[in-house]
Amino acid sequence: MTDTAQNASVNEAFAYPDQFSTEMDLPLFEGAPKTYLIASTPRCGSHYLGHALSAMGGFGVPLEYLNKGNFSGWKARFGNHRLSALLCDIIRHRTSPNGRFGIKAHWSQFSPHIGTDRLAPLGTIERVIHIYRGDLLGQAISFEKANQTGQWISGAPAKGKATYRYGKIVKAAENLRSQNLAWAAYLADHDGEVLRLDYATLIAAPELKLAEIRDFLDPESTAQPQPSERTQKQSDGLSKQWRERFLGDMRSEHAWIAEPFALE
């Protein structure tokens, strides 16, 4: 297979093919990593946060390494088939020289491995950033649009047309709330430190919030927030139209979806 054909195949198979690129690698790291976790839900801004931390330097390359849909890509690169072995290779290539390794995961990706030895290469998860969206309705709309079109990140080609469906938005909101509450319950017993972060506060003052996150993850770090060239905010007028239509259609039992969501 030619390089052009192989790249085309990768782009068709994965929403974010750049994640497998050697261009995102760091100098090979040997030893036990200092691991932190970005606990997330779909469409909460975790992709943006991961790239922002990567661009700052000193915090590894925190991507969605537990996404089952990406395992074949990692297997193709490293030749391993067991998750623990893949994680060992990922850690070697995506850990900063200071030993910090980051990984982001949705609850549905992380929870199946709780109580197993599959995550043993991560070692002790010392810090957790639990990122969520207080605008649950906006997140549910974004999720349903991405689910229909296949456009989970900016620049991805649309695989279908987005059609407003009230019931689907409700189900998305229920799913997202359930995942956040599951994370909160799990992290309540976590031995490491946990930082809760509303995505709206991050995009409102990115440099300030990234500096706070830096100090939380590594109080000795002097790294400065840098703009990431790998992410762009996905937004269009369709989301606003769907919000207005949902609010007009909203039944009383679903009023909670439009209310500010908070984990505090």
Side-chain angles (χ1 to χ4, degrees), residues 1-38 40 42 44-106 109 121-122 129 131 146 150-157 159 202 206-207 210 213-214 217-218 221-234:
M1 181 182 292
T2 65
D3 290 343
T4 301
Q6 185 175 16
N7 289 338
S9 176
V10 168
N11 278 294
E12 289 176 2
F14 305 104
Y16 183 55
D18 287 357
Q19 67 187 299
F20 310 112
S21 173
T22 57
E23 293 182 3
M24 298 190 74
D25 288 352
L26 299 171
L28 285 180
F29 176 81
E30 302 292 347
K34 301 173 184 177
T35 302
Y36 70 92
L37 167 69
I38 299 176
S40 62
C44 73
S46 60
H47 186 73
Y48 169 85
L49 175 59
H51 282 288
L53 288 170
S54 179
M56 188 159 29
F59 298 101
V61 186
L63 300 180
E64 216 166 280
Y65 299 123
L66 297 182
N67 186 332
K68 290 177 64 176
N70 296 330
F71 286 172
S72 60
W74 293 116
K75 291 175 184 177
R77 177 172 176 188
F78 294 123
N80 293 314
H81 293 275
R82 295 183 66 248
L83 176 58
S84 58
L86 289 174
L87 284 176
C88 285
D89 280 321
I90 291 170
I91 288 169
R92 289 183 69 231
H93 290 82
R94 299 292 171 84
T95 299
S96 295
N98 62 6
R100 299 205 177 274
F101 174 77
I103 184 170
K104 81 180 186 77
H106 304 328
Q109 298 166 349
L122 299 178
I129 302 169
I131 184 170
Q151 292 179 301
W152 293 99
I153 62 171
S154 60
K159 299 179 181 179
L202 176 60
E207 291 189 6
L210 286 171
I213 294 167
R214 174 202 62 201
L217 293 175
D218 183 2
S221 174
T222 58
Q224 295 301 312
Q226 302 292 329
S228 173
E229 298 178 356
R230 292 183 179 270
T231 59
Q232 293 180 340
K233 184 180 178 181
Q234 287 180 275

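Remark: side-chain polar atoms of Thr95 are not paired, donor with acceptor, to backbone N or O of Arg100 under 3.5 angstrom. Put simply, the side chain of Tyr36 gets close to the backbone of Phe59: a donor and an acceptor are under 3.5 Å apart. Within the 3.5 Å criterion, the main-chain N or O of Pro225 finds no donor-acceptor partner in the side chain of Arg214.
The nearest pair of heavy atoms linking Tyr48 to Pro206 is OH-CB, 3.6 Å. Residue Arg94 comes nearest to Arg77 through the heavy atom pair NH2-NH1, 3.7 Å, listed as atom of the first residue, atom of the second, then distance. Residues Val61 and Met24 approach most closely at CG2-O, 3.4 Å, considering heavy atoms. Taking both residues in full, the closest heavy atoms of Pro33 and Phe101 are given as CB-CB, 3.8 Å, listed atom of the first, atom of the second, then distance. When every heavy atom of Pro121 is checked against every heavy atom of Ser84, the shortest pair comes out as CG-O, 3.3 Å.
Residues Trp74 and Asp89 fail the side-chain proximity criterion, which asks for heavy atoms closer than 4.5 Å.
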- Query: Passes side chain to side chain contact (heavy atoms under 4.5 Å, CB included), Leu122 versus Leu37? Steps please.
  - Reply: CA-CA 10 Å; Leu122 299 178; Leu37 167 69; over 6 Å; no
- Please assess His93 against Leu26 for the test side chain to side chain contact (heavy atoms under 4.5 Å, CB included), listing each intermediate value before the final yes or no. CA-CA 6 Å; His93 290 82; Leu26 299 171; over 6 Å; no
- Item | side chain to side chain contact (heavy atoms under 4.5 Å, CB included) between Ile90 and Leu63, worked out | CA-CA 10 Å; Ile90 291 170; Leu63 300 180; over 6 Å; no
- Would Asn70 and Tyr16 count as a side chain to side chain contact (heavy atoms under 4.5 Å, CB included) if you check the C-alpha gap in whole Å, the side-chain angles of each, and the deciding distance to 0.1 Å? CA-CA 9 Å; Asn70 296 330; Tyr16 183 55; over 6 Å; no
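Sorted by first and then second residue, the salt bridge (Lys or Arg N to Asp or Glu O under 4.0 Å) pairs with a member in residues 62-75 read Glu64-Lys104; sequence neighbours excluded.
Here CZ of Phe71 is found 12.5 Å from CG of Asn80. Values are rounded to the nearest 0.5 Å. The CD1 atom of Ile213 sits 7.0 Å away from the CD1 atom of Ile131 when rounded to the nearest 0.5 Å. To the nearest 0.5 Å, the span separating OG on Ser54 from CD on Gln226 amounts to 11.5 Å. Atom-to-atom distance recorded for Leu202:CG and Ser46:OG is 11.0 Å, nearest 0.5 angstrom. Remark: Leu83 CG to Tyr65 OH distance equals 13.0 Å, nearest 0.5 Å. Annotation: the span from Thr35 atom OG1 to Ile103 atom CD1 amounts to 8.0 Å, rounded to 0.5 Å.
Residues that satisfy the salt bridge (Lys or Arg N to Asp or Glu O under 4.0 Å) test with Arg92, not counting sequence neighbours, are Glu30.
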